[in-house]
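Following: one structure in C-alpha coordinates, then a few remarks.
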Amino acid sequence: MIDRLRSADALVSSLWEQPRGLVSTAALRIGLGAVGLLYYLSHFLERRFFFGPDGVWSWEVFRGLLSDTNSFSLYALSQSLWWFEVLYFLGIAAALACITGVGGRLGVAVHWVMLWSIYQRNPALLDGGDNLAYVLLPFLALTASTRTLTLWTGRRRRQPDGVQLGRPVSTAAALGPTATFIHNMALIVIIGQICIVYLVSGLYKFGGELWINGTALYYILRTPEFMWDPVSPMVFTNGPIVTLGTYGAMFLLAFLPLLVLNRSTRATALFAVMGLHLSIAVLMGLWGFALTMIVCDLVLLGDDHLIRMGARIRSRVLGQDEPDTWQGEEPEQVVPVLAPDAGATMSPEQHDAQTLERAP
Amino acid sequence: VIDRAARWRRRTATVIASALITTYFAAVIVHVGPLNTVKIRHGDQASRVLVPYFDQNWSLFAPDPISSERGILVRGRESGTARVTEWLDVTSSANSDSRSRVLLSPRTSRIISNGLSMYLSPNPYRALIIEKATAEDLEIDESAFELTPEEESFQSNAVEMMVRYASTRALVRWGSSIDEIQIRIVVHDFPAFSQRSQWGDVGSIRTEDLPWADVARGVGE
(Lines give C-alpha, C1' and ligand atoms only; values in the text may rest on other atoms or scores of the structure.)
Protein backbone atom coordinates (compact mmCIF):
# COMPACT_ATOMS: atom_id res chain seq x y z
CA MET A 1 0.00 0.00 0.00
CA ILE A 2 2.71 2.42 1.03
CA ASP A 3 4.68 1.40 -2.04
CA ARG A 4 1.71 2.22 -4.18
CA LEU A 5 1.29 5.61 -2.58
CA ARG A 6 4.98 6.25 -3.13
CA SER A 7 4.78 5.40 -6.79
CA ALA A 8 1.66 7.57 -7.14
CA ASP A 9 3.61 10.37 -5.52
CA ALA A 10 6.51 9.77 -7.86
CA LEU A 11 4.09 10.04 -10.76
CA VAL A 12 2.72 13.30 -9.38
CA SER A 13 6.16 14.80 -8.99
CA SER A 14 7.21 13.72 -12.47
CA LEU A 15 4.09 15.43 -13.86
CA TRP A 16 5.19 18.64 -12.13
CA GLU A 17 8.89 18.41 -12.82
CA GLN A 18 9.46 16.55 -16.07
CA PRO A 19 7.94 18.12 -19.18
CA ARG A 20 7.37 15.36 -21.74
CA GLY A 21 7.00 15.68 -25.48
CA LEU A 22 8.51 19.13 -25.92
CA VAL A 23 9.60 18.24 -29.44
CA SER A 24 6.28 16.50 -30.23
CA THR A 25 4.25 19.51 -29.20
CA ALA A 26 6.58 21.80 -31.13
CA ALA A 27 6.11 19.60 -34.20
CA LEU A 28 2.35 19.74 -33.72
CA ARG A 29 2.51 23.53 -33.47
CA ILE A 30 4.52 23.83 -36.69
CA GLY A 31 2.25 21.34 -38.43
CA LEU A 32 -1.06 22.87 -37.43
CA GLY A 33 0.32 26.30 -38.24
CA ALA A 34 1.41 25.09 -41.65
CA VAL A 35 -1.90 23.37 -42.41
CA GLY A 36 -3.70 26.59 -41.45
CA LEU A 37 -1.38 28.61 -43.67
CA LEU A 38 -2.04 26.24 -46.57
CA TYR A 39 -5.78 26.73 -46.06
CA TYR A 40 -5.45 30.50 -46.35
CA LEU A 41 -3.10 30.31 -49.32
CA SER A 42 -5.16 27.69 -51.19
CA HIS A 43 -8.14 30.00 -51.16
CA PHE A 44 -6.25 33.26 -51.40
CA LEU A 45 -7.18 34.17 -54.96
CA GLU A 46 -10.86 33.37 -54.51
CA ARG A 47 -11.06 34.25 -50.81
CA ARG A 48 -14.01 36.60 -51.31
CA PHE A 49 -15.92 33.89 -53.11
CA PHE A 50 -15.33 31.29 -50.40
CA PHE A 51 -15.42 33.43 -47.24
CA GLY A 52 -16.23 37.04 -48.12
CA PRO A 53 -19.25 39.06 -46.92
CA ASP A 54 -20.97 38.16 -50.18
CA GLY A 55 -19.47 34.70 -50.37
CA VAL A 56 -20.92 31.40 -51.45
CA TRP A 57 -21.96 30.67 -47.82
CA SER A 58 -24.33 33.62 -47.53
CA TRP A 59 -24.10 36.18 -44.75
CA GLU A 60 -27.58 35.32 -43.38
CA VAL A 61 -26.84 31.59 -43.27
CA PHE A 62 -23.49 32.30 -41.63
CA ARG A 63 -25.02 34.50 -38.91
CA GLY A 64 -27.93 32.15 -38.37
CA LEU A 65 -25.73 29.11 -37.86
CA LEU A 66 -23.45 31.02 -35.49
CA SER A 67 -26.33 31.92 -33.22
CA ASP A 68 -27.75 28.37 -33.45
CA THR A 69 -24.47 26.90 -32.23
CA ASN A 70 -23.70 29.70 -29.74
CA SER A 71 -20.37 30.18 -31.37
CA PHE A 72 -18.32 33.12 -32.55
CA SER A 73 -16.44 34.22 -35.62
CA LEU A 74 -14.48 37.43 -35.91
CA TYR A 75 -15.76 37.63 -39.49
CA ALA A 76 -19.27 38.21 -38.08
CA LEU A 77 -18.28 41.50 -36.45
CA SER A 78 -18.64 43.51 -39.62
CA GLN A 79 -20.00 42.93 -43.08
CA SER A 80 -17.57 45.34 -44.68
CA LEU A 81 -15.10 44.10 -47.22
CA TRP A 82 -12.07 45.78 -45.65
CA TRP A 83 -12.74 44.10 -42.30
CA PHE A 84 -12.84 40.77 -44.11
CA GLU A 85 -9.56 41.53 -45.87
CA VAL A 86 -7.87 42.65 -42.66
CA LEU A 87 -8.95 39.48 -40.87
CA TYR A 88 -7.81 37.24 -43.71
CA PHE A 89 -4.34 38.76 -43.65
CA LEU A 90 -4.26 38.64 -39.84
CA GLY A 91 -5.13 34.97 -40.14
CA ILE A 92 -2.10 34.41 -42.37
CA ALA A 93 0.07 36.32 -39.89
CA ALA A 94 -1.24 34.24 -36.98
CA ALA A 95 -0.51 31.02 -38.88
CA LEU A 96 3.04 32.23 -39.48
CA ALA A 97 3.38 33.15 -35.80
CA CYS A 98 2.26 29.64 -34.89
CA ILE A 99 4.77 28.05 -37.26
CA THR A 100 7.66 30.15 -36.07
CA GLY A 101 6.71 30.15 -32.38
CA VAL A 102 6.50 33.93 -32.28
CA GLY A 103 4.32 35.02 -29.38
CA GLY A 104 4.63 31.71 -27.56
CA ARG A 105 1.36 30.30 -26.25
CA LEU A 106 -0.46 33.46 -27.23
CA GLY A 107 0.59 32.97 -30.86
CA VAL A 108 -0.93 29.49 -30.85
CA ALA A 109 -4.12 30.76 -29.19
CA VAL A 110 -4.49 33.59 -31.72
CA HIS A 111 -4.03 31.09 -34.55
CA TRP A 112 -6.87 29.03 -33.08
CA VAL A 113 -9.15 32.10 -32.85
CA MET A 114 -8.42 33.09 -36.44
CA LEU A 115 -8.77 29.56 -37.78
CA TRP A 116 -12.01 28.94 -35.88
CA SER A 117 -13.33 32.21 -37.30
CA ILE A 118 -12.60 31.30 -40.91
CA TYR A 119 -13.90 27.74 -40.43
CA GLN A 120 -17.19 29.14 -39.16
CA ARG A 121 -17.36 31.55 -42.09
CA ASN A 122 -17.81 28.57 -44.40
CA PRO A 123 -18.27 25.28 -42.53
CA ALA A 124 -19.27 23.45 -45.70
CA LEU A 125 -15.64 23.28 -46.81
CA LEU A 126 -14.39 21.45 -43.73
CA ASP A 127 -13.19 17.88 -43.28
CA GLY A 128 -11.93 15.63 -40.50
CA GLY A 129 -8.49 17.23 -40.61
CA ASP A 130 -9.89 20.68 -39.85
CA ASN A 131 -12.04 19.14 -37.14
CA LEU A 132 -9.03 17.61 -35.42
CA ALA A 133 -7.05 20.85 -35.83
CA TYR A 134 -9.63 23.02 -34.10
CA VAL A 135 -10.09 20.47 -31.30
CA LEU A 136 -6.35 20.16 -30.63
CA LEU A 137 -5.29 23.82 -30.91
CA PRO A 138 -6.74 25.00 -27.55
CA PHE A 139 -4.89 22.19 -25.78
CA LEU A 140 -1.75 22.89 -27.77
CA ALA A 141 -1.90 26.49 -26.55
CA LEU A 142 -1.62 25.15 -22.99
CA THR A 143 1.57 23.26 -23.75
CA ALA A 144 5.10 24.60 -23.84
CA SER A 145 5.20 24.02 -27.59
CA THR A 146 7.44 27.02 -28.21
CA ARG A 147 10.32 25.71 -26.09
CA THR A 148 12.09 24.30 -29.10
CA LEU A 149 11.95 24.42 -32.91
CA THR A 150 11.15 28.11 -33.07
CA LEU A 151 12.83 30.95 -34.90
CA TRP A 152 14.21 31.82 -31.51
CA THR A 153 15.73 28.44 -30.68
CA GLY A 154 16.97 28.18 -34.24
CA ARG A 155 19.10 31.21 -33.61
CA ARG A 156 20.00 30.17 -30.11
CA ARG A 157 21.52 26.91 -31.19
CA ARG A 158 24.47 28.78 -32.59
CA GLN A 159 25.31 30.03 -29.18
CA PRO A 160 27.68 28.00 -27.06
CA ASP A 161 25.10 27.04 -24.45
CA GLY A 162 22.35 26.68 -27.00
CA VAL A 163 20.53 23.61 -28.15
CA GLN A 164 20.73 21.66 -31.35
CA LEU A 165 17.83 21.68 -33.76
CA GLY A 166 15.43 19.09 -32.45
CA ARG A 167 16.93 19.11 -28.99
CA PRO A 168 14.85 20.51 -26.16
CA VAL A 169 16.28 23.20 -23.97
CA SER A 170 17.46 21.78 -20.66
CA THR A 171 13.95 21.52 -19.46
CA ALA A 172 12.99 21.68 -15.81
CA ALA A 173 15.02 24.78 -15.13
CA ALA A 174 13.53 26.61 -18.06
CA LEU A 175 9.91 25.69 -17.27
CA GLY A 176 8.32 26.32 -13.88
CA PRO A 177 6.47 23.49 -12.08
CA THR A 178 2.98 24.84 -12.82
CA ALA A 179 3.76 25.36 -16.50
CA THR A 180 5.29 21.88 -16.60
CA PHE A 181 2.18 20.37 -15.03
CA ILE A 182 -0.22 22.15 -17.39
CA HIS A 183 1.97 21.18 -20.34
CA ASN A 184 1.97 17.51 -19.36
CA MET A 185 -1.78 17.37 -18.74
CA ALA A 186 -2.53 19.07 -22.07
CA LEU A 187 -0.18 16.62 -23.80
CA ILE A 188 -2.11 13.72 -22.28
CA VAL A 189 -5.33 15.14 -23.72
CA ILE A 190 -3.74 15.66 -27.14
CA ILE A 191 -2.41 12.10 -27.31
CA GLY A 192 -5.67 10.63 -26.00
CA GLN A 193 -7.70 12.68 -28.45
CA ILE A 194 -5.63 11.51 -31.41
CA CYS A 195 -5.95 7.90 -30.25
CA ILE A 196 -9.73 8.25 -30.03
CA VAL A 197 -9.80 9.50 -33.62
CA TYR A 198 -7.99 6.37 -34.78
CA LEU A 199 -9.95 3.97 -32.64
CA VAL A 200 -13.36 5.36 -33.58
CA SER A 201 -12.68 5.93 -37.27
CA GLY A 202 -11.32 2.38 -37.46
CA LEU A 203 -14.12 0.72 -35.51
CA TYR A 204 -16.92 2.43 -37.45
CA LYS A 205 -15.57 0.86 -40.61
CA PHE A 206 -16.16 -2.59 -39.16
CA GLY A 207 -19.86 -1.77 -39.29
CA GLY A 208 -19.87 -1.07 -43.01
CA GLU A 209 -20.75 -3.71 -45.57
CA LEU A 210 -18.28 -2.41 -48.14
CA TRP A 211 -15.45 -2.41 -45.61
CA ILE A 212 -16.31 -5.89 -44.37
CA ASN A 213 -16.41 -7.31 -47.89
CA GLY A 214 -13.13 -5.62 -48.71
CA THR A 215 -14.25 -3.35 -51.54
CA ALA A 216 -14.55 0.06 -49.84
CA LEU A 217 -11.28 1.31 -51.29
CA TYR A 218 -12.62 0.80 -54.84
CA TYR A 219 -15.65 2.99 -54.20
CA ILE A 220 -13.64 5.71 -52.45
CA LEU A 221 -11.00 5.95 -55.16
CA ARG A 222 -13.55 5.64 -57.99
CA THR A 223 -15.49 8.70 -56.81
CA PRO A 224 -14.58 11.47 -59.28
CA GLU A 225 -13.95 13.99 -56.49
CA PHE A 226 -11.15 11.80 -55.13
CA MET A 227 -9.88 10.31 -58.39
CA TRP A 228 -6.46 11.08 -59.84
CA ASP A 229 -7.24 10.07 -63.36
CA PRO A 230 -4.34 8.18 -64.84
CA VAL A 231 -3.10 6.72 -61.55
CA SER A 232 -6.12 5.88 -59.38
CA PRO A 233 -7.66 3.43 -61.92
CA MET A 234 -4.44 1.39 -61.83
CA VAL A 235 -4.94 1.01 -58.09
CA PHE A 236 -8.70 0.51 -57.83
CA THR A 237 -9.00 -1.96 -60.70
CA ASN A 238 -6.48 -4.20 -58.99
CA GLY A 239 -8.56 -6.57 -56.86
CA PRO A 240 -5.90 -7.80 -54.43
CA ILE A 241 -4.65 -4.26 -53.76
CA VAL A 242 -8.19 -3.05 -53.09
CA THR A 243 -8.93 -5.90 -50.68
CA LEU A 244 -5.60 -5.69 -48.87
CA GLY A 245 -5.78 -1.91 -48.72
CA THR A 246 -9.34 -1.95 -47.39
CA TYR A 247 -8.64 -4.47 -44.63
CA GLY A 248 -5.20 -3.02 -43.93
CA ALA A 249 -6.62 0.45 -43.35
CA MET A 250 -9.41 -0.86 -41.09
CA PHE A 251 -7.08 -2.84 -38.87
CA LEU A 252 -4.31 -0.29 -38.82
CA LEU A 253 -6.64 2.53 -37.77
CA ALA A 254 -8.61 0.61 -35.16
CA PHE A 255 -5.56 -0.98 -33.57
CA LEU A 256 -3.21 1.98 -33.87
CA PRO A 257 -3.68 3.08 -30.23
CA LEU A 258 -2.69 -0.39 -29.04
CA LEU A 259 0.25 -0.58 -31.42
CA VAL A 260 1.41 2.84 -30.20
CA LEU A 261 1.09 1.82 -26.56
CA ASN A 262 3.50 -1.00 -27.22
CA ARG A 263 6.99 0.44 -27.58
CA SER A 264 8.24 -2.28 -29.91
CA THR A 265 5.46 -1.78 -32.50
CA ARG A 266 5.08 1.98 -32.17
CA ALA A 267 7.41 3.26 -34.86
CA THR A 268 6.49 0.59 -37.43
CA ALA A 269 2.76 1.19 -36.97
CA LEU A 270 3.15 4.95 -37.19
CA PHE A 271 5.29 4.85 -40.32
CA ALA A 272 2.70 2.55 -41.88
CA VAL A 273 -0.14 4.92 -41.04
CA MET A 274 1.90 7.88 -42.29
CA GLY A 275 2.26 5.97 -45.54
CA LEU A 276 -1.52 5.54 -45.61
CA HIS A 277 -2.00 9.27 -45.11
CA LEU A 278 0.59 10.12 -47.74
CA SER A 279 -1.25 7.98 -50.26
CA ILE A 280 -4.52 9.69 -49.28
CA ALA A 281 -2.81 12.99 -50.05
CA VAL A 282 -1.38 11.90 -53.39
CA LEU A 283 -4.18 9.72 -54.73
CA MET A 284 -7.21 11.51 -53.30
CA GLY A 285 -5.81 15.04 -53.24
CA LEU A 286 -6.75 15.49 -49.57
CA TRP A 287 -3.53 17.27 -48.67
CA GLY A 288 -4.87 19.32 -45.77
CA PHE A 289 -6.41 16.29 -44.09
CA ALA A 290 -3.39 14.07 -44.71
CA LEU A 291 -0.86 16.60 -43.43
CA THR A 292 -2.88 17.18 -40.27
CA MET A 293 -2.96 13.46 -39.62
CA ILE A 294 0.75 13.03 -40.37
CA VAL A 295 1.58 15.75 -37.87
CA CYS A 296 -0.55 13.94 -35.28
CA ASP A 297 1.30 10.72 -36.13
CA LEU A 298 4.55 12.53 -35.35
CA VAL A 299 3.16 13.48 -31.94
CA LEU A 300 2.44 9.81 -31.22
CA LEU A 301 5.92 8.90 -32.41
CA GLY A 302 7.30 10.82 -29.45
CA ASP A 303 10.35 12.89 -28.66
CA ASP A 304 13.03 10.20 -28.77
CA HIS A 305 12.20 9.20 -32.31
CA LEU A 306 11.73 12.79 -33.45
CA ILE A 307 15.09 13.89 -32.05
CA ARG A 308 16.82 10.97 -33.71
CA MET A 309 15.01 11.68 -36.99
CA GLY A 310 15.93 15.35 -36.75
CA ALA A 311 19.56 14.45 -36.17
CA ARG A 312 19.59 12.08 -39.11
CA ILE A 313 18.01 14.66 -41.39
CA ARG A 314 20.52 17.22 -40.21
CA SER A 315 23.47 15.01 -40.87
CA ARG A 316 22.21 13.82 -44.26
CA VAL A 317 20.75 16.99 -45.67
CA LEU A 318 22.73 19.72 -44.00
CA GLY A 319 25.92 17.74 -43.58
CA GLN A 320 26.07 18.59 -39.91
CA ASP A 321 27.05 16.26 -37.13
CA GLU A 322 24.41 14.39 -35.24
CA PRO A 323 23.72 16.11 -31.95
CA ASP A 324 24.00 12.81 -30.13
CA THR A 325 27.68 12.74 -30.91
CA TRP A 326 28.23 16.42 -30.50
CA GLN A 327 30.22 17.14 -27.38
CA GLY A 328 31.19 20.70 -28.10
CA GLU A 329 34.75 19.61 -28.89
CA GLU A 330 35.58 19.29 -32.54
CA PRO A 331 39.02 18.93 -34.06
CA GLU A 332 39.91 22.24 -35.62
CA GLN A 333 40.21 21.05 -39.19
CA VAL A 334 36.57 19.86 -39.21
CA VAL A 335 35.24 23.40 -39.08
CA PRO A 336 34.59 24.28 -42.69
CA VAL A 337 35.52 27.89 -43.09
CA LEU A 338 33.07 28.52 -45.90
CA ALA A 339 30.13 26.57 -44.47
CA PRO A 340 27.31 29.03 -43.88
CA ASP A 341 26.16 27.26 -40.75
CA ALA A 342 29.56 26.45 -39.36
CA GLY A 343 28.67 27.75 -35.91
CA ALA A 344 26.57 24.69 -35.24
CA THR A 345 29.57 22.36 -35.24
CA MET A 346 31.89 24.63 -33.33
CA SER A 347 33.06 24.35 -29.80
CA PRO A 348 32.25 27.25 -27.49
CA GLU A 349 35.78 28.58 -27.77
CA GLN A 350 35.73 28.50 -31.54
CA HIS A 351 32.35 30.16 -31.57
CA ASP A 352 33.54 32.93 -29.32
CA ALA A 353 36.63 33.41 -31.40
CA GLN A 354 34.59 33.77 -34.55
CA THR A 355 32.18 36.16 -32.90
CA LEU A 356 35.09 38.28 -31.76
CA GLU A 357 36.63 38.28 -35.20
CA ARG A 358 33.36 39.43 -36.71
CA ALA A 359 32.89 42.17 -34.17
CA PRO A 360 33.56 45.58 -35.64
CA VAL B 1 12.97 19.56 -2.59
CA ILE B 2 9.57 21.06 -1.88
CA ASP B 3 7.73 21.50 1.41
CA ARG B 4 4.71 19.56 2.69
CA ALA B 5 2.12 22.20 1.80
CA ALA B 6 3.37 22.47 -1.77
CA ARG B 7 3.31 18.71 -2.07
CA TRP B 8 -0.35 18.63 -1.05
CA ARG B 9 -1.18 21.45 -3.42
CA ARG B 10 0.37 19.43 -6.25
CA ARG B 11 -1.51 16.29 -5.27
CA THR B 12 -4.82 18.14 -5.15
CA ALA B 13 -4.25 19.90 -8.45
CA THR B 14 -3.28 16.59 -10.08
CA VAL B 15 -6.46 14.91 -8.85
CA ILE B 16 -8.65 17.79 -10.07
CA ALA B 17 -6.94 17.92 -13.47
CA SER B 18 -7.26 14.15 -13.84
CA ALA B 19 -10.97 14.37 -13.07
CA LEU B 20 -11.40 17.08 -15.71
CA ILE B 21 -9.52 15.06 -18.30
CA THR B 22 -11.55 11.97 -17.50
CA THR B 23 -14.75 13.97 -17.91
CA TYR B 24 -13.55 15.30 -21.26
CA PHE B 25 -12.72 11.86 -22.59
CA ALA B 26 -15.94 10.36 -21.28
CA ALA B 27 -17.86 13.10 -23.10
CA VAL B 28 -15.87 12.55 -26.30
CA ILE B 29 -16.42 8.80 -26.25
CA VAL B 30 -20.17 9.16 -25.71
CA HIS B 31 -20.38 11.94 -28.32
CA VAL B 32 -18.44 10.22 -31.11
CA GLY B 33 -19.39 6.66 -30.24
CA PRO B 34 -22.16 4.68 -31.89
CA LEU B 35 -25.78 5.06 -30.83
CA ASN B 36 -26.18 2.98 -27.66
CA THR B 37 -28.05 3.14 -24.38
CA VAL B 38 -25.44 5.36 -22.74
CA LYS B 39 -25.58 7.77 -25.65
CA ILE B 40 -29.38 7.87 -25.63
CA ARG B 41 -29.27 8.77 -21.92
CA HIS B 42 -26.23 11.04 -21.74
CA GLY B 43 -25.67 12.16 -25.32
CA ASP B 44 -27.12 15.61 -24.68
CA GLN B 45 -24.90 16.13 -21.64
CA ALA B 46 -21.86 15.14 -23.68
CA SER B 47 -22.86 17.57 -26.41
CA ARG B 48 -23.20 20.35 -23.86
CA VAL B 49 -19.60 19.75 -22.82
CA LEU B 50 -18.19 19.57 -26.34
CA VAL B 51 -20.30 21.64 -28.72
CA PRO B 52 -19.32 23.87 -30.42
CA TYR B 53 -15.58 24.15 -29.78
CA PHE B 54 -14.76 20.48 -29.28
CA ASP B 55 -17.48 19.09 -31.50
CA GLN B 56 -16.17 16.14 -33.48
CA ASN B 57 -17.19 13.31 -35.75
CA TRP B 58 -14.92 10.50 -36.83
CA SER B 59 -17.08 8.36 -39.07
CA LEU B 60 -14.64 8.99 -41.90
CA PHE B 61 -15.79 7.09 -44.99
CA ALA B 62 -17.76 5.00 -42.51
CA PRO B 63 -19.75 2.95 -41.89
CA ASP B 64 -19.78 2.83 -45.69
CA PRO B 65 -18.18 5.23 -48.16
CA ILE B 66 -20.46 6.87 -50.68
CA SER B 67 -20.64 4.37 -53.52
CA SER B 68 -21.98 6.71 -56.16
CA GLU B 69 -20.97 9.74 -58.11
CA ARG B 70 -22.99 12.75 -57.04
CA GLY B 71 -23.07 16.05 -58.80
CA ILE B 72 -25.15 18.96 -59.96
CA LEU B 73 -26.00 20.43 -63.33
CA VAL B 74 -27.46 23.88 -63.86
CA ARG B 75 -29.57 25.56 -66.48
CA GLY B 76 -30.84 29.12 -66.74
CA ARG B 77 -33.66 31.16 -68.20
CA GLU B 78 -34.70 34.74 -68.63
CA SER B 79 -37.94 35.38 -66.81
CA GLY B 80 -40.83 36.12 -69.13
CA THR B 81 -39.36 34.15 -71.99
CA ALA B 82 -39.78 30.50 -72.77
CA ARG B 83 -36.12 30.14 -73.68
CA VAL B 84 -34.28 27.76 -71.37
CA THR B 85 -30.57 26.98 -71.72
CA GLU B 86 -29.09 23.49 -71.97
CA TRP B 87 -27.77 21.80 -68.81
CA LEU B 88 -24.28 22.81 -67.77
CA ASP B 89 -22.06 20.45 -65.75
CA VAL B 90 -20.69 22.54 -62.88
CA THR B 91 -19.36 19.56 -60.93
CA SER B 92 -16.51 18.28 -63.09
CA SER B 93 -14.93 21.73 -63.22
CA ALA B 94 -15.20 22.04 -59.42
CA ASN B 95 -13.54 18.66 -59.04
CA SER B 96 -10.67 19.62 -61.32
CA ASP B 97 -10.33 22.96 -59.50
CA SER B 98 -9.77 20.99 -56.32
CA ARG B 99 -6.93 19.04 -57.92
CA SER B 100 -5.39 21.99 -59.73
CA ARG B 101 -2.49 22.99 -57.50
CA VAL B 102 -1.44 19.90 -55.46
CA LEU B 103 -0.86 21.30 -51.96
CA LEU B 104 -2.64 24.54 -52.67
CA SER B 105 -5.88 23.48 -54.34
CA PRO B 106 -9.03 25.32 -53.28
CA ARG B 107 -11.84 23.19 -51.89
CA THR B 108 -14.34 24.09 -54.59
CA SER B 109 -15.56 20.51 -54.93
CA ARG B 110 -16.73 20.49 -51.30
CA ILE B 111 -19.40 23.06 -52.12
CA ILE B 112 -21.08 20.35 -54.15
CA SER B 113 -20.13 17.17 -52.31
CA ASN B 114 -20.78 18.55 -48.82
CA GLY B 115 -23.76 20.52 -50.10
CA LEU B 116 -25.28 17.34 -51.50
CA SER B 117 -24.54 15.37 -48.32
CA MET B 118 -26.34 18.06 -46.33
CA TYR B 119 -29.23 18.07 -48.78
CA LEU B 120 -29.61 14.33 -49.37
CA SER B 121 -29.06 13.16 -45.79
CA PRO B 122 -29.57 16.01 -43.33
CA ASN B 123 -29.75 13.39 -40.58
CA PRO B 124 -27.67 10.30 -41.37
CA TYR B 125 -28.95 8.45 -38.29
CA ARG B 126 -32.54 8.71 -39.37
CA ALA B 127 -31.66 7.78 -42.95
CA LEU B 128 -29.92 4.68 -41.62
CA ILE B 129 -32.85 3.65 -39.44
CA ILE B 130 -35.33 4.14 -42.29
CA GLU B 131 -33.10 2.19 -44.63
CA LYS B 132 -32.87 -0.69 -42.14
CA ALA B 133 -36.60 -0.70 -41.51
CA THR B 134 -37.30 -0.71 -45.24
CA ALA B 135 -34.89 -3.58 -45.81
CA GLU B 136 -36.57 -5.60 -43.09
CA ASP B 137 -39.99 -4.75 -44.49
CA LEU B 138 -41.13 -3.11 -41.28
CA GLU B 139 -44.01 -0.71 -41.29
CA ILE B 140 -42.71 2.86 -41.01
CA ASP B 141 -44.81 5.63 -39.58
CA GLU B 142 -45.31 8.49 -42.04
CA SER B 143 -43.95 10.96 -39.50
CA ALA B 144 -40.55 9.27 -39.67
CA PHE B 145 -40.05 10.90 -43.06
CA GLU B 146 -40.93 14.40 -41.93
CA LEU B 147 -37.94 16.62 -41.37
CA THR B 148 -37.37 18.48 -38.14
CA PRO B 149 -36.96 22.28 -38.38
CA GLU B 150 -33.18 21.87 -37.88
CA GLU B 151 -32.97 19.37 -40.70
CA GLU B 152 -35.00 21.63 -42.93
CA SER B 153 -32.73 24.59 -42.31
CA PHE B 154 -29.73 22.32 -42.88
CA GLN B 155 -31.16 21.44 -46.28
CA SER B 156 -32.08 24.98 -47.21
CA ASN B 157 -28.59 26.22 -46.25
CA ALA B 158 -27.13 23.62 -48.56
CA VAL B 159 -29.45 24.55 -51.40
CA GLU B 160 -28.69 28.23 -50.99
CA MET B 161 -24.95 27.55 -51.15
CA MET B 162 -25.30 25.43 -54.27
CA VAL B 163 -27.54 28.05 -55.90
CA ARG B 164 -24.96 30.73 -55.17
CA TYR B 165 -22.19 28.59 -56.62
CA ALA B 166 -24.20 27.55 -59.66
CA SER B 167 -25.28 31.17 -60.24
CA THR B 168 -21.71 32.37 -60.63
CA ARG B 169 -21.07 29.63 -63.17
CA ALA B 170 -24.33 30.28 -65.01
CA LEU B 171 -23.68 34.02 -65.24
CA VAL B 172 -20.23 33.39 -66.66
CA ARG B 173 -21.59 30.88 -69.16
CA TRP B 174 -24.75 32.65 -70.34
CA GLY B 175 -24.25 36.27 -69.37
CA SER B 176 -26.16 38.50 -67.02
CA SER B 177 -29.43 38.28 -68.93
CA ILE B 178 -30.18 35.06 -67.04
CA ASP B 179 -32.30 35.72 -64.00
CA GLU B 180 -33.40 32.29 -62.88
CA ILE B 181 -31.53 29.03 -62.55
CA GLN B 182 -32.47 25.46 -61.85
CA ILE B 183 -30.24 22.81 -60.28
CA ARG B 184 -30.46 19.17 -61.25
CA ILE B 185 -29.00 16.71 -58.77
CA VAL B 186 -27.49 13.70 -60.49
CA VAL B 187 -26.69 10.50 -58.63
CA HIS B 188 -24.76 8.04 -60.75
CA ASP B 189 -24.32 4.53 -59.41
CA PHE B 190 -21.12 3.69 -61.21
CA PRO B 191 -20.16 0.07 -62.00
CA ALA B 192 -19.72 -1.96 -58.84
CA PHE B 193 -16.45 -3.54 -57.73
CA SER B 194 -17.21 -6.76 -59.63
CA GLN B 195 -17.33 -4.76 -62.89
CA ARG B 196 -14.24 -2.75 -62.02
CA SER B 197 -12.58 -3.40 -65.40
CA GLN B 198 -15.43 -1.36 -66.93
CA TRP B 199 -15.21 1.28 -64.24
CA GLY B 200 -15.74 4.08 -66.75
CA ASP B 201 -19.10 2.74 -68.00
CA VAL B 202 -22.26 4.63 -67.21
CA GLY B 203 -24.30 2.82 -64.58
CA SER B 204 -27.76 3.74 -63.43
CA ILE B 205 -28.59 7.41 -63.06
CA ARG B 206 -31.16 9.11 -60.85
CA THR B 207 -31.93 12.80 -61.01
CA GLU B 208 -33.83 15.29 -58.91
CA ASP B 209 -34.64 18.77 -60.14
CA LEU B 210 -34.73 21.50 -57.53
CA PRO B 211 -37.27 24.31 -58.02
CA TRP B 212 -36.27 27.31 -60.14
CA ALA B 213 -34.51 29.93 -58.05
CA ASP B 214 -33.54 33.57 -58.57
CA VAL B 215 -30.01 33.84 -59.80
CA ALA B 216 -27.65 35.12 -57.08
CA ARG B 217 -25.67 38.10 -58.37
CA GLY B 218 -22.46 39.52 -57.01
CA VAL B 219 -21.34 36.37 -55.18
CA GLY B 220 -17.70 36.71 -54.21
CA GLU B 221 -17.51 40.43 -54.86
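In this text the structure is predicted, and so the values were computed from the model without any measurement. Lettering of chains follows the sequences in order, A, B, ..., and the numbering in each one begins at 1.
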Quick check on [X] against chain B: is it the side chain, the backbone, both or neither that has a heavy atom closer than 4.5 Å?
X	result
L136(A)	neither
Q120(A)	neither
Y39(A)	side chain
W112(A)	side chain
D127(A)	both

- Task: Taking the six-membered ring for Trp and the single ring otherwise, decide whether the centroids of Y40(A) and Y88(A) are under 6.0 Å apart.
- Result: yes
- Message: Does any backbone or side-chain atom of N95(B) lie under 4.5 Å from a heavy atom of chain A? Answer side chain, backbone, both or neither.
- Response: side chain
Using a cut-off of under 4.5 Å on heavy-atom pairs, state which of [options] scores highest against chain A.
options	answer
N114(B), T14(B), V219(B)	T14(B)
V102(B), I66(B), V15(B), L20(B)	V102(B)
V51(B), T91(B), I111(B)	I111(B)
P65(B), A62(B), S68(B)	P65(B)
V32(B), L50(B), I112(B), V163(B)	V32(B)
G33(B), S98(B), S156(B)	G33(B)

- Query: Do you know which of Y119(A), W116(A), Y134(A), F139(A) makes ring pair (Phe, Tyr, Trp, His ring centres under 6.0 Å) with Y53(B)?
  - Reply: W116(A)
- Note on the structure: Ranking Y204(A), F49(A), F226(A) by heavy-atom pairs under 4.5 Å to chain B gives rank one to Y204(A)
- Note on the structure: Ranking T223(A), L210(A), V61(A) by heavy-atom pairs under 4.5 Å to chain B gives rank one to L210(A)
- Can R206(B) and D189(B) be counted as an ion pair, charged N to O under 4.0 angstrom? yes
- Ion pair present between R217(B) and D54(A), side-chain N to carboxylate O less than 4.0 angstrom? no
- Side-chain contact, heavy-atom cut-off 4.5 Å: S93(B) with R169(B)? yes
- Query: Are T243(A) and T215(A) side-chain neighbours, meaning at least one heavy-atom pair lies under 4.5 Å?
  - Reply: no
- Message: For Y198(A) and H277(A), take the angle between the two ring planes, folded into 0 to 90°, and tell me which bin it lands in: parallel under 30, tilted 30 to 60, perpendicular over 60.
- Response: tilted
